[in-house]
Structure formats: C-alpha cells, structure tokens
Amino acid sequence: MSQNREQWGSKLGFILAASGSAVGIGNIWKYPHMAGENGGAAFTIVYLACIFVVGLSIVVAEFVIGRKTQLSPVGAFETLAPNTNWKWVGYLGVASAFVILSYYGVVGGWILKYIINSISGGFSGLAGNPDAAGDTFNGFITSSYGPLFYQLIFMGLTIFVIIRGVKGGIEKWSKIMMPLIVVLLGVLAVRGMTLEGGMKGISFLFNPRFEDLTASAIVLALGHSFFTVSLGMGTMITYGSYLDKKQNLMNSALWVLFLDTAIAMLAGVAIFTTVFALGANPAEGPGLIFVVLPTVFGQLTGGTIWGTMFFILLFMAALTSAISILEVVTAYFIDQMGWSRKKATIQFGALITVVGAFCSLSYGGGINITGFLGMPFFDVMDYLSSKYMLPIGGMLTAIFILKKWGIGEYMKELKTGMGDADISENLIKVFLIIAATVVAFIIFNEVYFEITGKALIG
Ligand code: PFF
C-alpha cells in the first residue's frame with residue numbers, strides 16, 4: 001500500500017500544510033482574547049512553556065508514528081501494536097476529527113458571512129456601537145437558514161480541497177494561503193501600530209500582569225496548546241504519513257510551532273493595537289472578533305478594506321485547518337476500508353456537515369438540542385473535544401511510545417533524516433514523561449471538578 005501512497009511534493013509544502021493545520025481560528029480568535037483576559041504576557045509565558053514542552057513532544061511523536069507506518073492513526077497504531085487495544089487511540093482521533101469539524105465548519109460559515117458583511121459596508125452602521133454589533137451577531141447565529149447556508153459553502157470548499165488529494169489539494173492550497181495570511185496579518189499589525197494610541201495595545205498584550213494569571217488560566221493554556229497545534233487526534237500522524245525518510249522531523253516540528261506561535265502573536269498585535277486606538281473594550285472575551293472588531297472597523301478610515309482583509313485571512317486560516325481535520329477521516333476510510341478518496345471525502349464531508357447543522361441550530365435556530373451537559377449541542381462538541389478528547393489522545397500517544405513501542409525504536413525513526421545531529425534519548429524520554437504526566441493531572445483535575453464541583457487547581 002505504501003508504494004502508491006501519496007506524498008508531499010516538497011519539505012516547504014509539508015511545513016506549510018502542517019502549520020496551516022495548526023494556524024486557525026484558535027490562533028486568531030482564541031489566543032488573543034485568552035491572553036488579553038488572563039494576564040497578557042504572563043499567560044503567554046505559560047502558553048509558550050506548554051507549547052515547547054508538551055506540544056513539541058507530541059508533535060514530534062505524531063510525525064514519527066505517521067512517517068514510520070505510512071498510515072493514518074488507526075492503521076498506524078495497529079501496525080506498531082498489532083492485535084492490541086492501542087488502535088482505539090486511532091479511533092479516538094477519527095472521532096475527535098468528526099466532533100471538531102462539525103462545529104468548526106459552523107464558525108467557518110460565520111466568518112464567510114462576516115466577509116460579506118464587511119464588503120457590503122455593513123460595519124459602518126455598527127461604528128462604535130458594541131450593543132448593535134452584539135445584536136447583529138447574536139441575531140445571525142441564532143437564526144436558522146443563514147448560518148446553515150454559509151456553513152454549507154465552507155464545508156463544500158473543505159471537501160473540494162480534500163478531494164484533490166495531498167499534493168494537488170492540501171499542499172497546493174496551503175502554499176497559496178499561508179503566505180497570504182502572514183502578509184495580510186503583517187499589514188494589519190503595522191496599520192494598528194501606526195494608529196494613534198495603538199501602542200497601548202502592545203503593552204496590554206505583552207506586559208506581564210501576574211495578578212491576572214489564575215490557576216485556571218494555566219489549565220486553559222495547556223488545553224489550548226493541544227488545540228492550537230492540532231494535537232491529540234492524529235492530524236500530525238496523518239500528515240507525517242505522507243513524508244519520506246529524508247525529512248528532519250524535529251526541525252519540521254520546530255518550524256510548525258514557531259509559525260503557529262508567531263502568527264498567534266501577530267494576530268494579537270493586529271487586534272489589540274486597533275482595539276486600543278479606538279477605545280473599544282479589549283476584555284470582551286469570545287465576542288472580540290465578531291462583536292468588537294466590526295465596531296472598530298466601522299470607525300476606521302478605509303475600514304471596509306481592513307475589515308474585509310481581516311475576515312478573509314481568518315477564513316483562510318480556518319480553511320487550512322478544516323481540511324486537515326477532514327483529511328484524518330478521509331485517510332482512515334482510504335487506508336483501512338480501501339475506499340476511493342472521492343467517495344470517502346464526499347460521504348463523510350456530507351455527514352459531518354449534517355452533524356454541524358445540528359450544532360448551528362442548537363443556538364436557537366429552530367431545534368432545541370440543549371439538555372445534554374446543560375449546554376447547547378455546539379458547546380458540547382467544543383467542550384468534549386478541547387477538554388477531553390484531544391488531551392487524552394495526546395497523553396495516550398506519549399504513553400504508547402514510552403510503554404508499548406519503546407523509546408529505542410522511536411529514536412531510530414526520529415533520527416532518520418536528521419543526519420549527524422545528536423539528540424539525547426534521555427531528554428526525549430523525559431519530555432514525553434513530563435507531557436504525559438502534566439496532561440494526566442489536568443484531565444484528572446477536570447474530572448474531579450465535574451464530580452465534586454471543586455478543582456484541585458484552578
Ligand atoms: N489548530 C486549529 C486551530 O488552532 O484553529 C484547530 C484544529 C485543527 C484542532 C486540526 C485539531 C485539529 F486536528
């Protein structure tokens with residue numbers, strides 16, 4: 001099977017595709033508001049520590065497993081540990097992909113709608129008026145057909161790219177969209193910094209305020225480090241499976257982490273400089289993007305252009321992530337079930353879109369699917385995946401290497417393609433142990449909180 005397996009066309013293509021998966025709504029929407037609310041640079045320091053200790057270990061682990069087996073998660077675990085239950089880590093990954101993409105596609109649809117709103121001058125009516133902007137946003141997401149229509153378009157585009165395969169779809173579009181994201185964000189960041197009062201946004205983001213850094217912010221930073229680097233569900237196993245033995249996996253992983261972090265910070269700069277310059281509320285939380293920014297763009301000279309640029313780059317970031325999620329599901333049906341790429345992508349892309357429609361409608365658009373865990377179905381999907389499924393998947397991957405596959409075999413594959421670079425087996429082992437332990441504690445803390453109402457920390 002591996003003889004005919006699709007492969008990346010170049011190292012650059014692979015790095016752009018993997019960082020395209022990592023850079024998404026998590027970087028441009030979640031990170032800035034999390035950092036803004038939880039102590040600025042104090043949060044960022046913790047976040048960086050999580051990324052470079054836990055995140056790095058798991059990205060490298062996923063790349064190594066994928067490249068070694070040349071298979072997507074289920075087949076990969078089955079090959080390395082035949083006839084054991086480890087393949088369930090792979091199934092957990094496919095299930096997580098299903099869960100995440102269902103609501104991610106809905107947010108992708110909201111972003112498309114905001115591109116249209118911006119182009120049609122819709123933000124000027126919201127200038128400096130967060131209440132009106134809040135009503136517009138809530139009115140939209142709680143309606144029935146509008147969000148479904150845009151979600152359908154977003155998912156259609158995701159399916160379109162994945163049908164075209166690894167090189168002709170994922171790699172080609174990542175190579176176009178990733179540089180554009182960086183350029184557009186760079187332009188917006190410079191624009192923000194040159195606005196009068198914009199620099200106050202930089203100090204808000206980069207001055208450490210340790211008094212705002214609570215224990216729960218630390219838990220948040222760890223959970224987010226999984227989401228933002230697309231870890232714990234086999235995305236990076238799948239992408240790694242299209243690599244040849246010449247690639248230096250450690251080097252590629254560092255590139256992906258660097259780009260992911262740098263783009264999150266650039267997004268923070270672009271957003272907070274503009275928000276501060278125009279005196280809007282920086283601690284708006286999740287509403288920052290869809291509520292505060294339209295009011296700000298509405299006030300800015302040339303706001304239609306800036307606003308449109310922002311939502312287009314956010315759309316591209318969301319799309320390069322969504323394709324990587326769908327690829328996990330598609331690759332499973334190709335590798336394990338022998339389906340054609342086209343059949344797998346269309347059937348499961350469509351099914352995920354239908355589940356996503358229920359997420360969208362759970363915000364009030366006609367079907368009332370609240371009740372389970374006491375939150376809308378949309379939030380349930382987000383909660384289950386970010387708080388449990390991804391961290392558990394990542395932790396089990398680390399444990400798998402330490403306990404089942406063996407660090408020796410793991411190191412052999414990791415060192416392939418690294419030339420003479422010397423890398424300490426013990427160091428890698430310690431990092432994996434730290435990753436597994438920290439995540440296990442956080443998951444335990446979470447479960448303990450759900451059961452007793454009190455957290456050990458946070
Ligand atoms: N990393 C993406 C983001 O930051 O938006 C989200 C994501 C993509 C999570 C792919 C998980 C995944 F497998």
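Within the 6.0 Å centre-distance limit, the rings of His224 and Tyr47 are counted as a close aromatic pair. Here the two rings, on Tyr383 and Tyr388, have centers that are under 6.0 Å apart. Here Phe431 and Phe52 keep their ring centres 6.0 angstrom or further from each other.
Counting only N and O atoms by type, the side chains of Asn138 and Thr142 include no donor and acceptor under 3.5 Å apart. There is no side-chain donor-acceptor pair under 3.5 Å between Ser19 and Asp260. With hydrogens and angles left out, the side-chain atoms of Ser241 and Arg5 include a donor and acceptor closer than 3.5 Å. Using modelled atom types and a 3.5 Å distance limit, the side chains of Thr308 and Ser118 yield a donor-acceptor pair. Using a 3.5 Å distance cut-off with no hydrogens or angles, the side chains of Ser321 and Ser21 do not pair a donor with an acceptor. A side-chain donor from one of Asn27 and Thr228 sits under 3.5 Å from a side-chain acceptor of the other. Between Ser143 and Tyr363, the side chains place no donor N or O within less than 3.5 Å of an acceptor N or O (distance only, hydrogens not considered).
Atom CZ of Phe258 has 12 or fewer neighbouring heavy atoms from other residues, nucleotides or ligands inside a 6.0 Å radius. Heavy atoms from other residues, nucleotides or ligands lying under 6.0 Å from CD1 of Ile305 number 12 at most. With a 6.0 Å radius and a threshold of 12 heavy atoms from other residues, nucleotides or ligands, Glu196 has its CD atom at or below the threshold. Within a 6.0 Å radius of NZ in Lys200, other residues, nucleotides and ligands contribute 12 heavy atoms or fewer. Within 6.0 Å of NZ in Lys113 there are more than 12 heavy atoms belonging to other residues, nucleotides or ligands. No more than 12 heavy atoms of other residues, nucleotides or ligands sit less than 6.0 Å from atom CH2 of Trp255.
To the nearest 0.5 Å, atom CD1 of residue Ile325 and atom OG of residue Ser385 are 9.0 Å apart. Rounding to the nearest 0.5 angstrom, the gap separating the CG atom in Leu157 from the CD1 atom in Ile162 is 12.0 Å. Taking CD1 of Ile271 as the reference point, atom OH of Tyr31 lies at 10.5 Å (rounded to 0.5 Å). Rounded to the nearest 0.5 angstrom, Leu148 CG and Tyr150 OH are separated by 12.0 Å. The structure places CD1 of Ile176 at 6.0 Å from NZ of Lys172, a figure rounded to the nearest 0.5 Å. Rounded to the nearest 0.5 angstrom, Ile443 CD1 and Ile392 CD1 are separated by 4.5 Å.
No donor-acceptor distance shorter than 3.5 angstrom exists from the side chain of Ser386 to the backbone of Phe227, with no hydrogens or angles considered. Using a distance-only test at 3.5 Å, with no hydrogens or angles considered, a donor-acceptor pair links the side chain of Gln70 to the main chain of Leu243. Using a distance-only test at 3.5 Å, with no hydrogens or angles considered, no donor-acceptor pair links the side chain of Asn117 to the main chain of Gly122. No donor-acceptor pair under 3.5 Å is formed between the side chain of Gln247 and the backbone N or O of Gly417. Glu6 contributes a side-chain N or O that, together with a main-chain N or O of Val166, makes up a donor-acceptor pair within less than 3.5 Å. Using modelled atom types, one side-chain atom of Thr44 and one backbone atom of Gly40 make a donor-acceptor pair closer than 3.5 Å. At least one donor-acceptor pair closer than 3.5 Å links the side chain of Gln151 to the backbone N or O of Thr353. With hydrogens and angles disregarded, no donor-acceptor distance shorter than 3.5 Å links the side chain of Thr235 to the backbone of Leu231. A donor-acceptor pair under 3.5 Å links the side-chain atoms of Glu62 to the main chain of Met236, judged by distance alone.
By the 6.0 Å and 45° rule, Arg67 does not stack over the aromatic ring of Tyr242.
Taking 4.5 Å as the limit, some side-chain heavy atom of Met250 sits within range of a side-chain heavy atom of Val60. Side-chain contact between Val187 and Met309 is present, with at least one heavy-atom pair separated by less than 4.5 Å. Put simply, the side chain of Leu195 does not reach to within 4.5 Å of the side chain of Thr273, judged on heavy atoms. A heavy-atom distance below 4.5 Å is found between the side chains of Val54 and Phe226. In this structure the side chain of Met178 reaches within 4.5 angstrom of the side chain of Val23, judged on heavy atoms. Residues Met418 and Asn251 are not in side-chain contact: their nearest non-hydrogen atoms beyond the backbone lie 4.5 Å or more apart. With a 4.5 Å cut-off on side-chain heavy atoms, Lys175 and Ser10 count as touching. Contact check for Leu188 versus Leu313: side-chain heavy atoms found under the 4.5 Å cut-off.
Between Ala18 and Val256 the shortest heavy-atom distance is CB-CG2, 3.7 Å. Of all non-hydrogen atoms in Cys359 and Ser102, the two that sit nearest each other are SG-OG, 3.8 Å. The shortest heavy-atom contact between Ala35 and Leu205 is CB-CD1, 4.0 Å. A pairwise comparison of heavy atoms in Leu288 and Asn281 identifies CD1-O, 4.3 Å as the closest pair. In terms of heavy-atom proximity, Val94 sits nearest to Val328 at CA-CG1, 4.3 Å.
The ring-ring contact (aromatic ring centres under 6.0 Å, His included) search around Tyr239 returns Trp8, not counting sequence neighbours. Residues passing the ring-ring contact (aromatic ring centres under 6.0 Å, His included) test with Phe43: none are found, sequence neighbours excluded.
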- Test Met389 against Ile100 for side-chain contact (heavy atoms from CB on, under 4.5 Å), laying out the working first. CA-CA 10 Å; Met389 297 171 88; Ile100 295 184; over 6 Å; no

- Message: Determine whether Met316 and Ile312 satisfy the following criterion, side-chain contact (heavy atoms from CB on, under 4.5 Å), listing intermediate values before the conclusion.
- Response: CA-CA 6 Å; Met316 293 190 292; Ile312 286 181; 4.2 Å; yes

- Could you go step by step and tell me if Phe14 and Phe63 meet the ring-ring contact (aromatic ring centres under 6.0 Å, His included) rule? CA-CA 11 Å; Phe14 162 64; Phe63 283 167; 5.2 Å; yes

- Derivation of the side-chain contact (heavy atoms from CB on, under 4.5 Å) call for Ile111 and Phe154: CA-CA 9 Å; Ile111 297 169; Phe154 183 84; over 6 Å; no

- Passes side-chain contact (heavy atoms from CB on, under 4.5 Å), Leu184 versus Phe310? Steps please. CA-CA 7 Å; Leu184 292 182; Phe310 179 81; over 6 Å; no

- Item | Verdict with supporting geometry, Glu327 and Arg341, salt bridge (charged side-chain N to carboxylate O under 4.0 Å, His left out) | CA-CA 10 Å; Glu327 180 63 14; Arg341 172 169 284 278; 2.9 Å; yes

- When you look at Phe378 and Trp110, which way does the ring-ring contact (aromatic ring centres under 6.0 Å, His included) test go after all the steps? CA-CA 14 Å; Phe378 183 114; Trp110 298 349; 5.6 Å; yes

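Each of Phe297, Phe140, Tyr114 was evaluated against Phe290; a single residue qualifies, Tyr114, per the ring-ring contact (aromatic ring centres under 6.0 Å, His included) test.
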